[in-house]
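One structure is given below, encoded as structure tokens.
In listed order, ligands and their atoms are each counted from 1. Given the structure is predicted, the values throughout are model-derived calculations rather than measurements. Computation of the quantities below employed the complete heavy-atom set of this structure, encompassing side-chain atoms and omitting hydrogens, waters and symmetry-equivalent molecules.
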Amino acid sequence: MKKSLIILSAVLLAACAPKGPRAIPADKEVEAKVEKVLKGMTLEEKAGQMVQLNISVLEDETREAIDPAKLDRIIGQYKVGSILNVMNDRCHSREVTAAMVRQIQEKSMEAIGIPCIYGLDMIHGASYLSDGSMYPQEINLAATFNREYARLMGRAMAYETRAAQVAWVFSPVMDLGRDPRWPRVWESYGEDPYLQAQMAREETLAIQGGDPNHIDLEHAAVSIKHFMGYGVPVSGKDRTPAIIAENDLREKFFAPFLACFRAGALTAMVNSASINGIPTHCNALLLSGWVKEQLGWDGMLVTDWADIDNLYKRDHVAADKYEAVEMGINAGIDMIMDPYDPECCNVIVELVKSGRISESRLNDAVRRVLRLKVRLGLFDKPNWDYAYPDFGSEKFARESYAAALESEVLLKNNGILPLKENASILVTGPNANSLRTLNGGWSYTWQGNADEYVPQYNTILEALQRRFPKVTYAPGITYLGNNWKARDWQDEDASGIDAAVKAARGADVIVACIGENTYCETPGNMDDLNLSAKQKELVRKLAATGKPVVLILNEGRPRLIGDIEPLAAAVVDVMLPSNFGADALAALLSGDENFSGKLPFTYSKHINALHTYDYKVTEHRETMAGSYNYDAVMDVQWPFGHGLSYTTFAYKNFVVSAENFKAGDVLTVSVDVTNTGDRSGKEAVLLYSSDLVASLIPDVKRLRGFEKISLEAGETKTVTFQLQASDLAFVGADGRWRLEEGDFRLSCGGQATQVHCTETKVWDTPNI
Ligand code: BGC
């Protein structure tokens, strides 16, 4: 089995030429330093650099500090080059984290003379530091359609991570969330490749700073993840196989990674699952071919958690550990995250000695690890003394609040919102009094536990109590689960429903906070995308009182509510807005602030109809003439890009600079947007294109540009986009990019115009 995979990969690899330009320019000094260090290394030291272990292998028995004897063994004896994670699945303060990393660095310099690289899952800000700053999750930042927030979060994340003596974050996440059943939808920037690419690129630049060869003490290395196609498992369950057509892989799934590689991303983490039957960790075509060969990328590829072992333990493409390590490293893996097993170092040594891994592949991988460490300045300063006055600052808190404000999406409003000042409000639902659910997973702990760490921030209940004079609370339902091993996050106690209904009778309006408890990765798998039956029952019974119900959806993925949505007077999806999300919501519900978020995903209505906005034109068509009906219906709850405001916007004068164009042209597209309501507001202006006739069935539309603008009542602004004609190309059945002669429709805010491409161009290079 192993041999056939490798042969297949080699054939496909050969088909990938020609090579593209270097993704990161080489720096002579960096390379000289790498060569110098490499020359002096033993085989054992080289193998150690290629292995990353979890911090638990260094914990003492209190599980709160490092055991020096274990340090001697792991760093001194095995010469392991990288450590990850937080101790005991509990985050620490900056000070405690820094002290631990310092200890590891000192040992590493003394025993190997090479600094260790420590990596942390900083997912939405410094999510693994108890005193750091947190921002809304990426799915929320996507809903702002405002690149600035990806930049601000990336900047703060790098700064605060560095403040804890750590120089590597496993962020940004850029798995396209194109299957709402998947439990990691909320970790990335939504379903659209362009939005995802733009936001992730901005975050990458902000985390690393301007020069990837010289990262300063306020910036860190990214690990863009999970390369790639991880977000569309056929089963909807985490870490299970995906089937993706090669043209889709190139055109959509690769797009955000390509943007980040080109922006200088220094490392990438590999998709834990498989595509078209090939586990990504041994997919030489993707790892060595698309990334290293075609992009000339000299960065480092790290595995995901225990995924080399998964090649034999789970995927059955390798017979044993030796074969698995051989396959992974020969496919292009440079560092193995083998969380608990330093023996992996010896396996690498033996494989090199027996010739199953060549010296040149070994040296290439080690060079990439060393290059990362040199670029981060870790050789010069394995530990650093530097002031970080903005750590945990008000400044970062204000940014987080502003991002939350722009991210919460008003999906429906029959006029009940803004809430009246003196209304008597019943706050109910399992998400009403929880910080944990506002933050989601990767918040202080893996599965998320904000309530324990940061009780100082407001829950929705608390924020509404501060803003409105008459607020009562009856939860109706509470989440029971807190134990990820038991996968009990879905368990609910609904014994309070009657009490909540009774309280509703005395209220003017009901604010029902529903959705999901926190989860992360595989423990978040589930069997029904519908909102839980108990929560639906709560909403039905509340609505039966005749009092208006405002639904607040606090959830990591769009749980289906098609049957209860008609019962709601208003619906707001706050997703996972983090520590200031409730304050933002109170300001929005009261009308102190205006909504401006838009959905970065399609909100589906029916369980058998889970779609993305860029569906194929054939998926929605009129009834055919004649006696048979071959129609197709696209019926979603709310489309991608949907989001209401307390004001209204009118679009006019949609103009394109040329009617006819060729592949090398740039089209200037402009539109006037007027705030036609009586209060100020922000609007995300979205530009779409549609290829009207193509050699493959075209997508109905594709997002090609977005800008967020702010308009006072009555004000008009002209928004201008520079659209590269090549952006309208697609990947054909032969895997090559093509822009075909014919008509395209451009549209924006209900305005549309048609333009014509006068010649067909097919690119020779794999990327454009
Ligand atoms: C996740 C990654 C994460 C890694 C290290 C894995 O289980 O898939 O996203 O970076 O663990 O914690």
Side-chain angles (χ1 to χ4, degrees), residues 51-59 82-92 97 117-129 137-139 157 161 166 168-177 182-189 200 203-204 207 220-233 237-240 242 256-257 260 265-274 279-281 300-310 313-315 333 335-341 440-448 484-485 487 518-525 556:
V51 174
Q52 181 185 52
L53 296 179
N54 191 49
I55 184 73
S56 55
V57 299
L58 297 177
E59 284 170 357
S82 180
I83 303 288
L84 86 152
N85 233 321
V86 290
M87 282 215 177
N88 200 9
D89 187 33
R90 299 181 59 76
C91 77
H92 300 284
T97 307
I117 173 115
Y118 202 103
L120 276 179
D121 282 295
M122 299 307 207
I123 300 295
H124 58 123
S127 44
Y128 261 173
L129 292 177
Q137 296 277 3
E138 278 186 23
I139 196 69
M157 178 195 286
T161 304
V166 174
W168 190 20
V169 295
F170 303 141
S171 234
V173 188
M174 55 192 76
D175 304 310
L176 298 180
W182 188 51
R184 306 191 73 170
V185 163
W186 49 273
E187 289 184 49
S188 72
Y189 291 109
E203 190 185 329
T204 294
I207 292 171
V222 297
S223 187
I224 57 177
K225 68 185 191 185
H226 306 81
F227 181 74
M228 71 180 174
Y230 180 33
V232 287
K237 304 271 168 69
D238 188 38
R239 288 173 154 77
T240 61
F257 288 96
C260 291
L266 290 177
T267 80
M269 188 186 291
V270 177
N271 165 10
S272 181
S274 61
T280 324
H281 281 77
M300 191 197 83
L301 284 176
V302 62
T303 72
D304 200 346
W305 189 266
D307 276 320
I308 291 297
D309 279 3
N310 278 336
K313 289 187 177 162
R314 182 192 66 190
D315 299 335
I333 295 294
M335 182 184 277
I336 299 178
M337 186 192 290
D338 196 351
Y340 307 114
D341 188 8
W442 294 126
S443 303
Y444 308 101
T445 65
W446 180 40
Q447 296 295 309
W484 67 266
K485 285 194 175 142
R487 301 217 171 155
T518 66
Y519 54 83
C520 195
E521 299 186 41
T522 309
N525 283 347

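Scanning all protein heavy atoms for the shortest distance to atom 7 (O) of ligand 1 gives Glu521 OE1, 2.7 Å. The protein heavy-atom contact nearest to atom 2 (C) of ligand 1 is Asp304 OD1, 3.3 Å. Closest to atom 10 (O) of ligand 1, if we only count protein heavy atoms, is Asp121 OD1, 2.5 Å.
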Could you go through the side-chain contact (heavy atoms from CB on, under 4.5 Å) check for His281 and Asn310 one step at a time? CA-CA 9 Å; His281 281 77; Asn310 278 336; over 6 Å; no
Passes side-chain contact (heavy atoms from CB on, under 4.5 Å), Met157 versus Ile207? Steps please. CA-CA 7 Å; Met157 178 195 286; Ile207 292 171; 3.7 Å; yes
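Using modelled atom types and a 3.5 Å distance limit, the side chains of Gln137 and Trp442 yield no donor-acceptor pair.
Residue Arg239 touches ligand 1 through its side chain alone, judged by heavy-atom distances below 4.0 Å. Counting heavy atoms under 4.0 Å from ligand 1, residue Arg184 touches it through the side chain alone. By the criterion of a heavy-atom distance under 4.0 Å, the side chain of Asn85, and not its backbone, is placed next to ligand 1.
Near Trp305, the atoms of ligand 1 lying under 4.0 angstrom from a non-hydrogen atom of the residue are 6 (C), 7 (O), 11 (O). The contact set between ligand 1 and Met269, taken as ligand atoms under 4.0 Å from a residue heavy atom, comprises 2 (C), 10 (O). Against a heavy-atom cut-off of under 4.0 Å, Lys225 is close to the following atoms of ligand 1: 2 (C), 3 (C), 9 (O), 10 (O).
A donor-acceptor pair is defined here as one N or O able to donate and one able to accept, closer than 3.5 Å; no such pair exists between the side chain of Ser188 and the backbone of Leu176.
In this structure, Trp305 has its ring center closer than 6.0 angstrom to the ring center of Tyr340.
The shortest side-chain heavy-atom distance between Leu84 and Met337 falls under the 4.5 Å cut-off. Between Ile224 and Pro172 there is a side-chain heavy-atom pair separated by less than 4.5 Å.
Heavy atoms of His226 come nearer than 4.0 angstrom to ligand 1 in at least one pair.
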